[in-house]
Amino acid sequence: MGHNAEKSRTPEVTTRLRLHITTAAEARVRAGHPWVFAESVREQNRNGFTGELAVIYDRHNKFLAVGLFDADSPIRVRVLHRGKPQTIDPAWWTARLAAAVGRRAELFDARTTGYRLINGESDGWPGLVLDRYGAALVLKIYTAAWLPGLKEIATLIRTRLRPERIVLRTSRNVQRTSESRRPRGPDRLRSRQPADEASSAHLAAGGHRHDLQDGRMLFGSKPRKQPTFLENGLWFEADVLHGQKTGFFLDQRENRRLVETLARGRSVLNAFSFSGGFSLYAARGGARSVADLDISAHALEAASRNFDLNQLEPAVAACPHELVQADAFAWLAANPRRQFDLIILDPPSLAKREVERPGAIRAYARLAKLGAARLSPGGLLLACSCSAHVSAEEFFRSVWQGAAETGRRFTGLRTTRHPPDHPAGFKEAEYLKAIYLSEG
Ligand code: SAH
């Protein structure tokens with residue numbers, strides 16, 4: 001693939017980038033962890049360029065792993081392969097794509113056309129996500145290391161999956177770093193090559209700064225309207241060009257399905273509703289009423305359109321649907337008399353960084369308390385967290401504590417984690433957890 005910098009090599013950088021890392025990092029990589037942090041790099045034969053392959057050797061100078069080098073990220077190498085030496089060539093990438101697609105082969109029938117095809121590190125594609133929304137694919141990258149090889153990856157995906165279009169989305173850090181890319185070595189390494197010369201050679205060769213931006217098409221034409229797709233037989237639209245993540249929260253599919261089975265006859269509050277996913281399932285499951293509560297008018301408009309898309313479903317057509325635009329914390333605190341039989345709390349990540357963890361744990365407890373206080377007798381509470389920095393145990397504890405502070409009694413029904421199309425193969429990848437409580 002091009003991102004091994006084959007094409008961008010100048011005579012100065014024809015040697016393969018070789019790294020030696022600390023003993024602790026070596027042990028982690030051997031155990032299957034996909035990241036090597038900058039501070040773990042002990043030795044480097046030359047400066048590395050974002051997007052080239054780096055080969056990691058162990059302390060006996062034996063091949064340990066090969067990965068994508070990122071000069072601008074504290075995660076300096078993302079491991080692609082470890083174990084025996086391996087050539088990373090087009091055939092290898094083809095097999096790796098087939099493996100990820102194959103893992104989903106038995107998961108969905110024709111009633112679900114929106115799901116994750118590649119979930120980053122846990123599928124062997126570190127920092128890369130591929131989601132399907134009907135005939136549209138959205139490829140999102142979380143590291144600039146994918147940029148040089150992206151067009152070839154897109155060709156591979158086109159050939160294998162035959163989509164109508166592939167949309168590129170880039171995380172904020174990729175948008176930032178592609179502005180100011182520089183080769184990087186460990187601090188103690190003195191390069192014989194002037195950094196400026198190297199970086200301009202790389203940028204000139206890469207040539208991807210302008211055409212590989214967030215929302216660009218990697219293949220096909222820009223969609224005139226938002227693509228629609230099916231999830232368990234319900235229609236949704238995905239805001240693939242501008243929406244959060246890749247345009248929809250595919251990771252909550254199984255919780256939505258569970259809510260459908262719990263909703264019959266209940267009045268439902270869907271707090272942090274986004275485009276109404278939980279409400280549509282609740283409505284189809286026979287809810288007496290559903291209310292979507294979100295701070296964003298844009299999200300609520302999408303919820304309204306998603307209800308329109310499903311009017312052929314009798315239970316959806318029959319279910320009163322209310323839209324409330326408000327801050328969920330404030331709204332729950334301010335309306336103590338209005339009760340619901342089923343409350344869903346699915347806030348955005350409350351701890352984006354490790355330092356925010358203690359505050360997030362308190363916020364989850366406060367939110368659970370606010371929700372638990374608004375349940376009718378026998379009501380159900382579903383509390384979710386997508387903060388990777390808060391562990392499942394910490395989150396469950398804070399929900400229990402918040403609920404207990406209402407002075408009411410609760411029974412734990414179940415907890416859930418990642419759905420199978422969002423595998424989480426290492427600790428940092430485990431962000432999603434949810435707990436179901438019943439009042440009384
Ligand atoms: N449950 C949704 C996903 C929720 S994403 C689903 O299944 O698709 C989180 C949502 O919370 C976003 O739509 C965001 O607009 C909303 N949000 C963020 N802060 C909020 C707040 N303080 N009050 C209410 N909604 C908020």
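Ion pair Asp214/Arg169 flagged as a salt bridge, since at least one NZ, NE, NH1 or NH2 atom sits closer than 4.0 Å to an Asp/Glu carboxylate oxygen. Salt-bridge annotation for Lys427 and Glu430: absent, with no side-chain N of the basic residue lying under 4.0 Å from a carboxylate O of the acidic one. A salt bridge does not link Arg257 to Glu254: none of the charged nitrogens lies less than 4.0 Å from a carboxylate oxygen. The residues Lys140 and Asp131 are annotated as not salt-bridged, no charged nitrogen and carboxylate oxygen being separated by less than 4.0 angstrom. For the pair Glu405 and Arg366, the salt-bridge criterion is not met [side-chain N within less than 4.0 Å of a carboxylate O]. A salt bridge links Arg30 with Glu26; the closest basic N to acidic carboxylate O contact falls under 4.0 Å. Of the charged side-chain nitrogens involved, none lies within less than 4.0 Å of a carboxylate oxygen, so that Asp72 and Arg176 do not count as a salt-bridged pair.
The side-chain heavy atoms of Leu375 and Asp341, taken from C-beta on, include no pair separated by under 4.5 Å. The closest side-chain heavy-atom distance from Trp235 to Phe229 is not below 4.5 Å.
Between Val66 and the options Ile56, Val77, Leu53, a side-chain contact (heavy atoms from CB on, under 4.5 Å) holds for only Leu53. Partner of Tyr281 under the side chain to side chain donor-acceptor pair (under 3.5 Å) criterion, out of Asn255, Asn232, Asn270: Asn232 alone. For the side chain to side chain donor-acceptor pair (under 3.5 Å) test with Asp123, the passing option among His422, Arg96, Arg103 is Arg103; the others fail.
Residue Arg362 places its CZ atom among 12 or fewer non-hydrogen atoms of other residues, nucleotides or ligands, all under 6.0 Å distant. Around the CD atom of Glu354, the shell of radius 6.0 Å holds more than 12 heavy atoms that belong to other residues, nucleotides or ligands. Under a cut-off of 6.0 angstrom, the local environment of NE2 in His298 is sparse, with at most 12 non-hydrogen atoms contributed by other residues, nucleotides or ligands.
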